[in-house]
Participant: 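I'd like to ask you about the structure that follows.
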Protein chains: 2
Amino acid sequence: MLQYQAQPLDLAFQALSDPGRRAMVERLSRGPASVSELAEPLPMTLSAVVQHLKILEEAGLVSSRKTGRVRTCTLEIAAMTKVESWIAERKRFWNQQYDQLETYLSENSQEESH
Amino acid sequence: MLQYQAQPLDLAFQALSDPGRRAMVERLSRGPASVSELAEPLPMTLSAVVQHLKILEEAGLVSSRKTGRVRTCTLEIAAMTKVESWIAERKRFWNQQYDQLETYLSENSQEESH
DNA sequence: TTGATACTGTAGCATTGACTTAAGTATTGA
DNA sequence: TCAATACTTAAGTCAATGCTACAGTATCAA
């Protein structure tokens with residue numbers, strides 16, 4: 001780890017790096033679900049799912065609320081957007097320097113061609 | 001791990017989950033760089049950077065080519081887009097069900113209000 | 001040809017991560 | 001009240017990660 005104090009983005013990327021947790025996010029993108037509902041399609045114990053859930057919640061990607069004995073989980077779209085934006089930013093930078101190269105090439109094409 | 005045969009998306013999310021590797025991606029989004037240039041701002045040995053680089057390459061996020069004794073690394077925007085798209089998809093699903101709820105609420109507001 | 005540069009590759013090691021099992025605690029429904 | 005349900009928490013295990021150190025190899029420059 002580069003920084004000892006984990007940044008929000010760190011936690012989010014970290015959380016999404018596990019296929020099981022991404023499966024949970026996929027499920028939650030279709031609507032809220034209970035812990036058992038999240039666990040149902042996954043090849044692991046309820047206990048493991050609860051642990052994954054905690055990681056998703058700490059990353060801000062999921063929030064949950066307990067009513068009676070059922071905990072209902074919801075996807076937090078804002079955290080998803082933050083991750084999306086980080087990537088979009090990198091792409092923007094990359095396209096910028098690519099455009100600059102194209103500009104350079106078109107401006108110097110006559111002089112540079114033999 | 002949920003699946004033994006790692007899917008491309010797995011590798012990409014996995015690769016981006018490390019702050020050091022994300023720093024390398026940030027650097028490469030501003031243009032190609034040599035291994036030493038990538039290593040320069042990072043608080044780790046060249047050896048560690050090479051190992052991170054391998055992970056980024058296996059995830060398809062970075063490509064590199066050696067000329068003489070210098071390896072030049074480039075960001076692969078297509079892989080970045082795949083990650084971005086996965087998140088965009090989840091957001092789309094989430095918005096869909098949210099819209100459906102709103103539609104339901106507005107359609108039933110007269111009957112449901114006391 | 002010789003020393004510096006720019007990696008490359010491997011071994012080892014401490015930590016973290018992804019589980020399971022097992023033993024709880026509230027809630028609910030009969 | 002009492003069993004089933006829906007989690008919750010704590011160990012403990014074992015593999016994967018993120019390093020470092022160290023020993024190369026292949027250029028390049030003088």
Side-chain angles (χ1 to χ4, degrees), chain A residues 1-7 9-28 31-59 61-74, chain B residues 1-7 9-28 31-59 61-74:
Chain A
M1 286 286 185
L2 197 58
Q3 48 236 333
Y4 302 137
Q5 182 87 349
Q7 256 35 59
L9 246 188
D10 268 307
L11 294 175
F13 269 111
Q14 183 70 23
L16 291 174
S17 73
D18 182 83
R21 285 193 295 263
R22 278 207 310 288
M24 291 166 72
V25 167
E26 294 208 19
R27 169 62 191 80
L28 290 176
S34 70
V35 179
S36 306
E37 280 167 354
L38 282 179
E40 196 268 319
L42 298 173
M44 59 179 81
T45 60
L46 226 204
S47 199
V49 171
V50 170
Q51 286 168 55
H52 281 306
L53 194 57
K54 196 184 169 198
I55 291 167
L56 286 169
E57 289 205 52
E58 282 173 350
L61 288 161
V62 168
S63 66
S64 73
R65 208 178 130 188
K66 199 162 184 175
T67 307
R69 57 186 170 176
V70 178
R71 178 171 298 279
T72 304
C73 309
T74 314
Chain B
M1 283 285 185
L2 198 58
Q3 48 235 332
Y4 302 137
Q5 183 86 349
Q7 257 33 63
L9 247 187
D10 269 307
L11 295 175
F13 269 111
Q14 182 71 23
L16 291 174
S17 72
D18 182 84
R21 287 193 294 263
R22 277 207 312 287
M24 291 167 72
V25 167
E26 294 209 21
R27 169 61 191 81
L28 290 176
S34 70
V35 178
S36 307
E37 280 166 355
L38 282 179
E40 197 268 320
L42 299 173
M44 59 179 83
T45 61
L46 225 207
S47 201
V49 171
V50 171
Q51 288 169 54
H52 282 306
L53 193 57
K54 197 184 168 198
I55 290 167
L56 287 168
E57 290 204 52
E58 282 173 350
L61 288 161
V62 169
S63 66
S64 74
R65 209 177 128 187
K66 197 161 186 175
T67 308
R69 56 185 170 173
V70 177
R71 178 171 298 279
T72 304
C73 308
T74 314

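Within every chain, numbering begins at 1; the chains are lettered A, B, ... in the order of the sequence lines, protein sequences first and strands thereafter. Only a predicted model underlies this, so the values are computations on that prediction, with no experimental measurement involved.
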Participant: Do any side-chain nitrogens or oxygens of B:Lys66 fall under 4.0 Å of OP1 or OP2 in D:dT27?
Facilitator: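 No, no such contact exists.
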
Participant: For A:Arg69 and A:Thr45, find the nucleotide of DNA chain C closest to each by heavy atoms; which residue's nucleotide sits nearer the 5' end?
Facilitator: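 The 5'-side residue here is A:Thr45.
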
Participant: Would you kindly give the CG-to-C1' distance between B:Asp10 and D:dT17, to the nearest whole Å?
Facilitator: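 Nearest whole value for this atom pair: 16 Å.
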
Participant: When rounded to the nearest 0.5 angstrom, what distance separates CG in B:Leu61 from CG in B:Leu53?
Facilitator: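 Answer rounded to 0.5 Å: 11.0 Å.
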
Participant: For A:Ala39 versus A:Val49, what's the shortest heavy-atom pair and its separation?
Facilitator: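 In terms of heavy atoms, the two residues are closest at CB-CG2, 3.6 Å.
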
Participant: Using whole Å, what does the distance between atom C1' of nucleotide D:dA6 and atom CD of A:Glu40 come to?
Facilitator: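 So the CD-C1' distance, A:Glu40 to D:dA6, works out to 15 Å.
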
Participant: With the side chain of B:Val35 defined as its heavy atoms from C-beta on, choose the nearest nucleotide among C:dC19, D:dC19, C:dC7.
Facilitator: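 My answer, after comparing the listed nucleotides, is C:dC7.
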
Participant: Please check the phosphate of D:dT17 (OP1 and OP2 only) for any side-chain N or O of B:His52 closer than 4.0 Å.
Facilitator: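 No, no such contact exists.
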
Participant: When the nearest nucleotide of DNA chain C is assigned to A:Arg21 and to A:Gly68 on a heavy-atom basis, which residue is associated with the more 5' position?
Facilitator: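 The 5'-side residue here is A:Arg21.
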
Participant: Without decimals, in angstroms, what is the distance between B:Arg71 CZ and D:dT25 C1'?
Facilitator: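 Interatomic distance, CZ of B:Arg71 to C1' of D:dT25: 13 Å.
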
Participant: Using whole Å, report how far CG of B:Leu42 lies from P of D:dG18.
Facilitator: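 From B:Leu42 CG to D:dG18 P: 14 Å.
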
Participant: Which pair of heavy atoms, one from B:Arg22 and one from B:Leu16, lies closest together, and at what distance?
Facilitator: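 Nearest heavy atoms, B:Arg22 then B:Leu16: NH1-O, 2.7 Å.
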
Participant: Return the minimal non-hydrogen interatomic distance between A:Arg27 and A:Pro32, and the atom names on each side.
Facilitator: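 Looking at all heavy atoms of both residues, the closest pair is NH2-O, 3.6 Å.
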
Participant: Round to a whole Å and report the spacing from CE of A:Met44 to P of C:dG17.
Facilitator: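 About 16 Å, once rounded to whole Å.
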
Participant: Looking only at the side chain of A:Leu46 (C-beta and beyond, no hydrogens), which of the listed nucleotides C:dC7, D:dT8, D:dC19 gets closest?
Facilitator: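 In terms of side-chain proximity for A:Leu46, the closest of C:dC7, D:dT8, D:dC19 is D:dT8.
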
Participant: For the pair made of CD in B:Glu58 and P in D:dT17, what is the distance, rounded to whole Å?
Facilitator: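 Atom CD in B:Glu58 sits about 11 Å away from atom P in D:dT17.
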
Participant: Is any N or O donor-acceptor pair between the side chain of B:Gln51 and the base of C:dT8 shorter than 3.5 Å?
Facilitator: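 Between C:dT8 and B:Gln51, which were checked side chain against base, a qualifying N/O pair under 3.5 Å is absent.
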
Participant: Mind checking the CD-CG spacing from A:Gln51 to A:Leu46? Nearest 0.5 Å is all I need.
Facilitator: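 A:Gln51 atom CD to A:Leu46 atom CG measures 11.0 Å (nearest 0.5 Å).
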
Participant: Nearest-Å distance, CG (B:Asp18) to P (D:dA16)?
Facilitator: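 After rounding, the gap between these two atoms is 18 Å.
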
Participant: Give the rounded distance in Å between these two atoms: CG of A:Leu38 and C1' of D:dA6.
Facilitator: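 The answer, rounded to whole Å, is 13 Å.
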
Participant: Going by modelled atom types, is there a donor-acceptor pair between the base of D:dT9 and the side chain of A:Ser47 at under 3.5 Å?
Facilitator: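 Such a pair exists between side chain and base.
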
Participant: When only distance counts, do a donor and an acceptor, one from the side chain of B:Ser36 and one from the base of C:dT5, lie under 3.5 Å apart?
Facilitator: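 No, no donor-acceptor pair under 3.5 Å.
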
